[in-house]
Q: 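Sharing a structure below in structure tokens format, with a few things to ask.
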Amino acid sequence: MKKFLSVTLILALALTLCFSFVACKGQNVKIVDIDYSTVLADYLEYPNADNVESMNAITRNVSDIYADDSLTNAQKVAQIMERVTNNEIECAYFAYFINRIGETKMNSNHGQLVYQRLRRQSDTVKDDTTLKLPVNHNFDVIASSTLTDAQIRYNDNGKLFKMKGSGIVYDEKTGLLTVDKWKKGKSWNHAEDVIKYSRNYEEARKTCINWNAQNIVDSSKPLTIEEKTDEKGNAYYELVFSIDVKVANADSKTIGWLENDNGGSGMQYQYCNFVVEVWKTGLAKRYNIKESWSGRIVAYSGSAQCESNIVFSYSERDQDHKITADIKAGI
């Protein structure tokens, strides 16, 4: 389970408080709530006509799974999550923002890690920015450097432009990470097929579902599926469940994904709890994930407890790539 960015702030070349990793080391901050509407204007709006039409072609979508009385609730949840993951591939276009805050231990040192990701995706454009910054920590230089990163992966009509950021700072007014400078990454003007490399299951499962093992939803813990409506009368499902960590930890592919996504080894889940909202049409609305795992990262023995909030938008307004295009043009 994978597990910025203010439209006017996060990707702007803003003046920040520091200009190097060393100067930022140990930044002490107060973690604040984010106004997600400053990141994705339509993040709570029902999917637009293009995306509803794309869902109408799905033979067995989430409403069919929900209505299938031959399934247990645990089976329904697992199948709905699998379907929603695939619907990220099938929809016309989408955008999402991930905000993850966690407590991280590396050997005897500890601190908080802020991870934020903004992705806008269609069949012709990938606009994908990820930022990571440890704060309120006492990590050494190597550990802190391992946990600090800023990347943009921008593909416009078959050409990939990777960008690397420096001077990352947590803004206590907005709760967003900001970047001082961007430069060319290792791949620049590199040919890449957006659909082949960005609209596939391996990419889609990184949003939320980091597993595909059988019987992974834990039926012994609180588990509910409830149909609800928003203030405009649009229907959605709320799923509350936990994964069975014994099943997850015994599945080599599930653990392999966890290790690969975190750059670690010997990892194991301690817990992983979900509150998921899915539009009845079959597209993800909002996720909340609380999880804990332990293992090794580089040369460190570590563990993490984190909470992720993920919000989605299916509007053309949230497919605006101007900020990223301007950063690219300025390099």
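In what follows, residues are counted from 1 in the order of the sequence shown.
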Q: Do the side chain of Asp318 and the main chain of Ala41 share a donor and acceptor less than 3.5 angstrom apart?
A: yes
Q: So which atom in Glu90 and which in Ser54 form the shortest heavy-atom distance, rounded to 0.1 Å?
A: O-CB, 3.6 Å
Q: Got a salt bridge between Lys328 and Asp127, using NZ or NE/NH1/NH2 to carboxylate O under 4.0 Å?
A: no
Q: Any chance you could measure Arg117, atom CZ, to Thr207, atom OG1, to the nearest 0.5 Å?
A: 6.5 Å
Q: Are side-chain heavy atoms of Asn86 and Ile89 found at a separation under 4.5 Å?
A: yes
Q: Could you pull out all residues at least two apart from Phe312 that satisfy ring pair (Phe, Tyr, Trp, His ring centres under 6.0 Å)?
A: Tyr96, Tyr287
Q: Test: salt bridge (charged side-chain N to carboxylate O under 4.0 Å, His left out). Region: residues 152-169. Which pairs qualify, not counting sequence neighbours?
A: Asp128-Arg153, Asp149-Lys164
Q: Checking side-chain polar atoms at under 3.5 Å, does Asn61 have a donor or acceptor matched by the opposite partner on Asp64?
A: no
Q: Under the salt bridge (charged side-chain N to carboxylate O under 4.0 Å, His left out) test, which residues partner Asp68, sequence neighbours left out?
A: Arg60
Q: Please work out whether the ring planes of Phe161 and Trp188 are parallel, tilted or perpendicular, with thresholds of 30° and 60°.
A: perpendicular
Q: Check whether the side chains of Asn136 and Tyr170 place a donor and an acceptor atom closer than 3.5 Å, and report yes or no.
A: no
Q: Distance-only criterion, 3.5 Å: show the donor-acceptor pairs between side-chain atoms of residues 236-250 and protein atoms not counting sequence neighbours.
A:
{"from": "Glu238", "atom 1": "OE1", "to": "Lys228", "atom 2": "NZ", "distance (Å)": "3.2"}
{"from": "Glu238", "atom 1": "OE2", "to": "Lys228", "atom 2": "NZ", "distance (Å)": "3.3"}
{"from": "Ser242", "atom 1": "OG", "to": "Asn273", "atom 2": "OD1", "distance (Å)": "2.7"}
{"from": "Asp244", "atom 1": "OD1", "to": "Lys246", "atom 2": "N", "distance (Å)": "3.0"}
{"from": "Asp244", "atom 1": "OD1", "to": "Val247", "atom 2": "N", "distance (Å)": "3.4"}
{"from": "Asn249", "atom 1": "OD1", "to": "Tyr269", "atom 2": "N", "distance (Å)": "2.7"}
{"from": "Asn249", "atom 1": "ND2", "to": "Val245", "atom 2": "O", "distance (Å)": "3.1"}
{"from": "Asn249", "atom 1": "ND2", "to": "Tyr269", "atom 2": "O", "distance (Å)": "3.1"}

Q: Salt bridge or not for Arg119 and Glu203, using N-O below 4.0 Å?
A: yes
Q: Assess whether atom OH of Tyr271 is packed by more than 12 heavy atoms of other residues, nucleotides or ligands within 6.0 Å.
A: yes
Q: Taking only residues two or more places apart in sequence, or in another chain, which ones meet Glu192 in a salt bridge (charged side-chain N to carboxylate O under 4.0 Å, His left out)?
A: Lys126
Q: Identify, with sequence neighbours excluded, every residue that meets salt bridge (charged side-chain N to carboxylate O under 4.0 Å, His left out) alongside Lys280.
A: Glu227
